[in-house]
Amino acid sequence: MNKKVRVRFAPSPTGGLHLGGVRTVLYNYLFAKKQGGDFVLRIEDTDQSRYVPGAEQYIYDCLEWCGLVPDESPKHGGPFAPYRQSERKEIYRSYAEQLVSKGYAYYAFDTPEELEQMRNVYKTEANPSPQYDHSLRMKMRNSLSLPAEEVKKLLDENVRHVVRIKMPENEPVSFVDMIRGEVNFDTNIVDDKVLLKADGMPTYHLAVVIDDYLMKITHAFRGEEWLPSAPVHILLWKYFGWENDMPQWAHLPLILGPQGKLSKRDAAKYGFPIFAMNWTDPQSGELTEGFKERGFLPQAFINFLALLGWNDGSEQEIFSLEELIEKFSIERVHSGGAKFDYEKAKWFNHQWIKRFEAGRLKFEVKKTLAQKRIDISDEQKLEKVIALVKDRCTLLTDFYDQGWFFFKTPGEIDAEAVKPKWNEAKKRFFESLKEELQATSQWESAFIEDGFKKLAMIQGIKPGELQLPLRIMLVGGKFGPPVFDIAELLGKEETLRRIENGLAIFG
RNA sequence: GGCCCGUUCGUCUAAGGGCUAGGACACCACCCUUUCACGGUGGUGAUACGGGUUCGAAUCCCGUACGGGCUACCA
């Protein structure tokens with residue numbers, strides 16, 4: 001009997017979607033799709049104090065850009081709605097109470113101040129962060145330590161309280177991680193985690209177990225930072241009596257920055273993006289640039305993320321999403337963290353730009369140019385420009401630097417590159433070139449080059465010495481594709497105009 | 001401090017007991033190119049350390065070191 005594969009991702013709408021998050025989605029998605037299963041997106045807004053308006057929509061936007069569209073989500077709907085945890089409050093409460101009545105959890109009435117005090121009192125050098133656990137719980141104010149009638153009174157009076165799991169003493173917990181193999185813990189080292197907060201919202205620990213169960217999740221992938229709390233989740237599955245339905249776990253390695261874990265500071269310090277798309281914090285107004293806006297193609301973004309911690313064992317590096325789905329295997333995911341290398345990320349983008357036909361890039365390039373106030377009316381010309389310059393573009397934004405002069409007459413001209421070697425003979429050459437081009441009816445790169453070289457020979461000047469001045473006249477500087485290709489694309493009229501301009505400047 | 005996870009060129013990684021440890025990014029040189037790139041050829045460069053097990057260890061085991069994560073009414 002094969003259960004249909006269902007994997008889930010549970011982002012919290014607290015800000016930008018970073019590389020680690022996208023990669024987790026990607027691996028979830030690849031794993032599910034490979035087996036014809038479902039990719040479920042659940043919104044983890046269990047902490048309303050951290051909820052950022054707009055962040056949920058932003059997550060959908062990022063996933064859509066990446067091409068990783070969920071089968072079920074608050075936005076897309078599905079058979080297990082609602083998928084937003086704030087809309088499932090009642091469910092969590094009743095399950096938490098079930099746990100209390102079974103004796104696996106208890107009510108705790110300690111105030112934040114009392115918890116703070118506990119931590120200060122029991123803090124020692126050997127134990128810098130004392131935990132609310134089996135050794136201390138009887139010294140705190142909860143339904144285990146307090147007389148039953150007092151507990152009842154407190155509950156009747158609606159005194160603020162939480163539900164905590166009662167972690168057993170000295171009980172080994174082990175599970176098999178799909179990436180790491182068997183992982184063992186001792187329950188002594190984990191504290192009595194809060195399951196239901198005083199505001200009635202669940203913590204991640206409770207929500208993840210209940211929702212994975214109710215939504216029939218078969219595989220749960222998440223970041224390595226969750227490994228230490230895995231025993232809490234394993235125990236909850238057991239306490240609810242759902243052990244046979246527990247998903248298989250995979251804890252993905254972290255993505256690291258140049259010095260330790262990848263952070264927004266790294267992004268600022270080293271000048272590379274860490275979010276999929278631009279994220280503006282609605283509170284501070286602070287903008288963090290995304291890969292999309294930096295000029296990445298989603299195919300390249302997905303490609304390099306997939307390879308950051310996984311490979312198919314061959315030497316292939318360029319994969320489409322379809323190929324990734326076909327070749328992905330969780331067994332080949334690394335257990336060690338991977339440092340993010342922006343240079344390599346750019347290389348992937350370059351590869352994708354090169355492999356795409358000009359027509360396929362047209363839409364994106366047009367947008368990029370529009371941002372630099374170059375509006376395209378002639379789409380055919382744009383396509384030709386793209387075909388001509390794309391091999392030298394790493395980011396989509398490079399199309400501006402490589403191609404703006406096809407659409408705009410250069411204002412500033414790098415005259416210094418020409419003037420020192422400028423003379424009467426060269427002036428005469430360009431004047432006669434102008435006349436010859438004027439007269440020609442054939443306007444094609446090879447033909448122009450041929451005429452140019454013949455004329456140079458007649459006048460006794462090396463063509464090489466004349467190419468740079470021509471280039472400067474046409475584009476304004478020492479850059480761009482082969483100069484006669486530029487002339488062809490520019491058209492006869494514009495080429496002649498720019499040669500005239502150049503002659504006026506060089507004298 | 002405690003617990004957990006990890007460790008192959010600078011970076012991402014291949015090699016799951018057996019050739020001179022392979023590839024990619026980056027870097028360097030040469031070629032191509034009378035611009036800048038692309039491209040081509042070649043080069044520098046790694047099994048953290050110490051013990052075992054074995055005819056044989058990057059690979060299995062133990063210890064050490066280093067790195068990372070967790071240790072919240074955050075996820």
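These figures come from a predicted structure and were not determined experimentally. Proteins come first, then strands; the chains are lettered A, B, ... in the order of their sequence lines, and each starts at number 1.
Nucleotide B:C3 has B:G69 as its partner under the Watson-Crick or G-U criteria, with both atom distances under 3.5 Å. If you check B:A15 for Watson-Crick or wobble pairing at under 3.5 angstrom, you find it has no partner at all. Partner assigned to B:C74 is none, using Watson-Crick or G-U wobble distances below 3.5 angstrom. Searching all strands for a Watson-Crick or G-U wobble partner of B:C49 with both distances below 3.5 Å returns B:G63. Using the Watson-Crick or G-U wobble rule with both distances under 3.5 Å, B:C27 pairs with B:G43. Of the nucleotides present, none pairs with B:U34 by Watson-Crick or G-U wobble criteria with both distances under 3.5 Å.
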Let me see the working for A:Arg42 and A:Glu44 under salt bridge (charged side-chain N to carboxylate O under 4.0 Å, His left out), right down to the final yes or no. CA-CA 6 Å; A:Arg42 191 172 75 217; A:Glu44 193 83 52; 3.8 Å; yes

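Of the residues in residues 470-483 of chain A, those with a non-hydrogen atom less than 4.0 angstrom from any atom of RNA chain B are A:Arg471, A:Lys478, A:Phe479, A:Gly480, A:Pro481, A:Pro482.
We find the CG-NZ distance between A:Leu369 and A:Lys372 to be 10.0 Å, quoted to the nearest 0.5 Å.
Side chain of A:Asp192 to backbone of A:Lys166: no donor-acceptor contact under 3.5 angstrom is found. Under a 3.5 Å cut-off, the side chain of A:Asn127 and the backbone N or O of A:Lys123 do not form any donor-acceptor pair.
Both tests hold for A:Arg164 against A:Tyr132: distance to the six-membered ring centre under 6.0 Å, angle to the ring axis within 45°.
When the P atom is used for both B:C30 and B:C38, the distance is 16 Å, rounded to whole Å. Going from the C1' atom of B:C9 to that of B:G23 covers 12 Å, rounded to whole Å. Taking atom C1' on both nucleotides, B:C4 is separated from B:C60 by 22 Å, rounded to a whole Å. Here the separation of B:G52 from B:U71, taken at their P atoms, is 41 Å to the nearest Å. Only the P atoms considered, B:G68 is 14 Å distant from B:U8, to the nearest whole Å.
Note: A:Phe275 and A:Phe291 fail the aromatic proximity criterion, with ring centroids not under 6.0 Å apart. In summary, the aromatic rings of A:Trp279 and A:Tyr58 are positioned with their centroids under 6.0 Å apart.
Between A:Arg164 and B:C73 there is a side-chain N or O to OP1 or OP2 distance below 4.0 Å.
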Protein-nucleotides 3-7 of chain B N/O pairs closer than 3.5 Å?
| residue | atom | partner | partner atom | Å |
| --- | --- | --- | --- | --- |
| B:C5 | O2' | A:Arg180 | NH1 | 2.5 |
| B:C5 | O2' | A:Glu224 | OE2 | 2.8 |

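Checked against B:C25, B:U71, B:A75, the side chain of A:Ser129 finds its nearest nucleotide in B:U71.
Classified by interplanar angle (parallel below 30°, tilted 30° to 60°, perpendicular above 60°), the ring pair A:His205/A:Trp226 is perpendicular.
The pair A:Glu56-A:Arg84 meets the salt-bridge criterion, with a side-chain N (NZ, NE, NH1 or NH2) lying under 4.0 Å from an Asp/Glu carboxylate O.
Glycosidic conformation at B:C38 (O4'-C1'-N9-C4 for purines, O4'-C1'-N1-C2 for pyrimidines): syn, within 90° of 0.
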